[in-house]
K.L.:
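Below is a structure I'd like to ask you about.
Numbered from 1 within each chain, the chains take letters A, B, ... in sequence-line order. Values below: every heavy atom of this structure, side chains too, minus hydrogens, waters and symmetry copies.
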Protein chains: 2
Amino acid sequence: MPLTISEVAHEAGVNPQTLRYYERRGILAEPARTPAGYRQYDPEAVTRIVFIKRAQDLGFTLEEVHELLELRVEHGAACGAVEATAGENLRRVDEKIRQLTRLQEVLTELVESCQLRQGTEDCPILEALER
Amino acid sequence: MPLTISEVAHEAGVNPQTLRYYERRGILAEPARTPAGYRQYDPEAVTRIVFIKRAQDLGFTLEEVHELLELRVEHGAACGAVEATAGENLRRVDEKIRQLTRLQEVLTELVESCQLRQGTEDCPILEALER
DNA sequence: TCGGACCTTATACTAGGGTACAGGGTTTGG
DNA sequence: CCAAACCCTGTACCCTAGTATAAGGTCCGA
């Protein structure tokens with residue numbers, strides 16, 4: 001059962017204009033159309049858009065999201081390029097996880113200090129992302 | 001040994017105009033000045049700016065970064081608010097880590113598929129951030 | 001049948017986050 | 001002493017990522 005642009009936008013929690021914008025950017029494929037020209041989306045479009053928004057929330061640009069969504073292996077011959085891109089993105093994700101884990105530790109300590117009513121340093125968070 | 005705006009910018013890898021912008025935004029405190037009005041930064045400013053940039057790379061806005069940098073306990077009386085804010089940010093960090101871990105798993109599988117020269121689904125990454 | 005709500009595209013505008021420029025003062029090394 | 005490089009503030013501009021608006025067509029329920 002195809003969805004209208006408003007239905008997809010509503011389910012994904014974005015503005016319909018945003019979907020047209022993603023289409024112009026090439027991040028969303030052009031969907032099928034009714035004879036009147038209305039877009040008809042697969043429900044998978046919602047999943048795609050949720051992915052886009054969550055990846056942005058994790059610090060990826062639309063360009064980077066586009067690159068991630070294009071990752072696939074169609075046949076063995078193309079593996080080198082896909083492996084390189086996936087590996088590079090894997091390293092970035094690893095690094096983000098490492099840094100967020102540091103921040104998580106410092107925030108956990110801060111919450112504990114609060115619970116024990118203990119003062120903290122002037123800016124306990126500052127060095128969390130230093131390395 | 002205080003640093004000039006160019007020295008701090010260079011060490012932190014940003015543009016000097018960015019530092020003035022952060023000062024206008026209140027994210028960086030106003031530094032000491034020479035009699036001629038030149039800014040003189042503590043070396044700690046570099047740490048602060050590195051924190052800002054890395055937090056942005058992790059998906060935090062400048063507003064959120066500002067909030068994080070303001071987290072501290074000065075005396076027991078203020079603990080409630082600090083604990084609430086730190087707790088809220090801790091939850092967001094937890095969620096980011098969870099989602100990035102999912103993405104990490106999918107990217108790892110993708111790299112392994114490449115190494116085994118196996119085809120993948122049309123868009124193996126898509127569901128990585130679905131929940 | 002009709003009106004309100006939806007859709008279309010093209011264009012203009014907004015918000016967040018910078019970054020460049022103008023005009024003029026200061027510093028520093030040759 | 002002087003030129004180049006630095007600094008200052010205020011203002012303007014740029015980029016990314018949306019989002020609104022205009023003008024007009026389509027759909028659907030009353």
Side-chain angles (χ1 to χ4, degrees), chain A residues 1-43 45-46 48-70 92 129, chain B residues 1-43 45-46 48-70 92 129:
Chain A
M1 176 52 150
L3 301 164
T4 65
I5 195 168
S6 285
E7 288 165 342
V8 172
H10 185 263
E11 281 195 51
V14 301
N15 188 296
Q17 293 286 12
T18 304
L19 303 190
R20 296 187 185 102
Y21 172 65
Y22 287 167
E23 197 181 310
R24 288 200 294 280
R25 291 288 301 260
I27 298 163
L28 278 187
E30 290 202 44
R33 301 270 189 154
T34 68
Y38 284 29
R39 290 169 176 82
Q40 295 188 278
Y41 291 95
D42 277 355
V46 177
R48 223 173 159 83
I49 294 152
V50 166
F51 179 89
I52 294 167
K53 300 318 283 182
R54 286 185 175 168
Q56 280 183 307
D57 189 59
L58 295 170
F60 291 89
T61 68
L62 284 179
E63 201 55 42
E64 291 164 340
V65 168
H66 194 181
E67 185 178 274
L68 286 170
L69 287 169
E70 298 276 284
R92 286 160 74 191
L129 302 184
Chain B
M1 173 54 151
L3 303 164
T4 65
I5 196 168
S6 284
E7 289 165 342
V8 171
H10 185 263
E11 280 195 50
V14 302
N15 187 296
Q17 293 287 14
T18 305
L19 303 191
R20 296 190 185 100
Y21 173 65
Y22 287 168
E23 195 183 311
R24 288 199 295 280
R25 288 286 302 261
I27 299 163
L28 278 188
E30 290 202 44
R33 301 271 189 153
T34 66
Y38 285 26
R39 290 167 177 81
Q40 296 189 277
Y41 291 95
D42 277 355
V46 177
R48 223 172 159 84
I49 295 152
V50 166
F51 179 88
I52 294 167
K53 300 316 284 181
R54 287 186 175 168
Q56 279 183 306
D57 189 59
L58 295 170
F60 292 89
T61 67
L62 284 179
E63 201 55 40
E64 292 166 338
V65 169
H66 193 182
E67 188 177 274
L68 286 170
L69 288 169
E70 297 276 283
R92 286 160 73 192
L129 303 184

K.L.:
Taking all heavy atoms of B/I5 and all of B/P16, pick out the closest pair and write down the distance.
P.N.:
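B/I5 and B/P16 have their closest heavy atoms at CD1-O, 3.6 Å.
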
K.L.:
To the nearest Å, how far apart are B/Q17 CD and C/dA22 P?
P.N.:
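Taking CD of B/Q17 and P of C/dA22, I get 13 Å after rounding.
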
K.L.:
Let me confirm one number: the OG1-NE2 distance from B/T4 to B/H10, rounded to the nearest 0.5 Å.
P.N.:
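Rounded to the nearest 0.5 Å, the OG1-NE2 separation comes out at 11.0 Å.
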
K.L.:
With a 3.5 Å distance limit and no angle check, can you tell me whether B/E64 reaches the backbone of B/T61 through a side-chain donor-acceptor pair?
P.N.:
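Yes; at least one donor-acceptor contact below 3.5 Å.
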
K.L.:
Considering non-hydrogen atoms only, spot the tightest contact between B/E23 and B/P31 and give its length.
P.N.:
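In this case the closest contact between B/E23 and B/P31 is OE1-CD, 3.5 Å.
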
K.L.:
Rounded to whole Å, please give me the gap between CG in A/N15 and P in C/dA15.
P.N.:
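Taking CG of A/N15 and P of C/dA15, I get 15 Å after rounding.
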
K.L.:
Does B/Q56 put a side-chain nitrogen or oxygen below 4.0 Å from OP1 or OP2 of C/dG18?
P.N.:
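Result: yes.
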
K.L.:
Between P on C/dG17 and CD1 on B/I49, what's the gap in Å once rounded to a whole number?
P.N.:
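In whole Å, C/dG17 P and B/I49 CD1 are 16 Å from each other.
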
K.L.:
Between C/dT11 atom P and A/Y21 atom OH, what is the distance in whole Å?
P.N.:
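Spelled out: OH on A/Y21 to P on C/dT11 is 17 Å.
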
K.L.:
When you match A/Y38 and B/G37 each to their closest nucleotide on DNA chain D, which lands nearer the 5' end?
P.N.:
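Mapping each residue to its closest nucleotide by heavy atoms, the 5'-most match is B/G37.
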
K.L.:
Of all the nucleotides listed (C/dT9, C/dT19, C/dC21), which has the minimum atom distance to the side chain of B/T18?
P.N.:
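Of all the options, the side chain of B/T18 is nearest to C/dT19.
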
K.L.:
Can you tell me the distance, in whole Å, between the NE2 atom of B/H66 and the P atom of C/dG17?
P.N.:
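After rounding, the reported distance stands at 13 Å.
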
K.L.:
Take atom CZ of B/R25 and atom P of C/dT19, then tell me their distance rounded to the nearest Å.
P.N.:
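Taking atom P of C/dT19 as the reference, CZ of B/R25 is at 14 Å.
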
K.L.:
Starting from P on C/dA20, measure out to CG on B/L19 and report it in whole angstrom.
P.N.:
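Roughly 13 Å, once rounded to whole Å.
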
K.L.:
Between A/I5 (CD1) and C/dA5 (C1'), how many Å, whole number?
P.N.:
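To the nearest whole Å, that distance equals 15 Å.
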
K.L.:
Select base, sugar-phosphate, or nothing to describe what B/T34 touches, counting heavy atoms under 4.0 Å on all strands.
P.N.:
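Nothing, no heavy atom under 4.0 Å.
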
K.L.:
The side chain of A/R33 is closest to which nucleotide in this list: C/dG17, C/dT9, C/dC7?
P.N.:
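My answer, after comparing the listed nucleotides, is C/dT9.
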
K.L.:
Nearest heavy-atom pair of B/R48 and B/I27: which atoms, and what distance?
P.N.:
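In this case the closest contact between B/R48 and B/I27 is NE-O, 3.7 Å.
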
K.L.:
With rounding to the nearest 0.5 Å, note down the distance linking CZ in A/R39 to CG in A/L19.
P.N.:
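These two atoms lie 8.5 Å from each other.
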
K.L.:
At less than 4.0 Å, is any side-chain N or O atom of A/R39 found next to OP1 or OP2 of C/dT9? Yes or no.
P.N.:
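So the side-chain polar atoms of A/R39 do come within 4.0 Å of the phosphate oxygens OP1 or OP2 of C/dT9, strictly under.
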
K.L.:
Walk along DNA chain D from 5' to 3' and tell me the first and last nucleotide with an atom closer than 4.0 Å to a non-hydrogen atom of chain A.
P.N.:
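Using the under 4.0 Å cut-off, the span is D/dA17 to D/dC27.
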
K.L.:
Would you check, one step at a time, whether the test side chain to side chain contact (heavy atoms under 4.5 Å, CB included) holds for B/L129 with A/V50?
P.N.:
CA-CA 7 Å; B/L129 303 184; A/V50 166; 5.8 Å; no

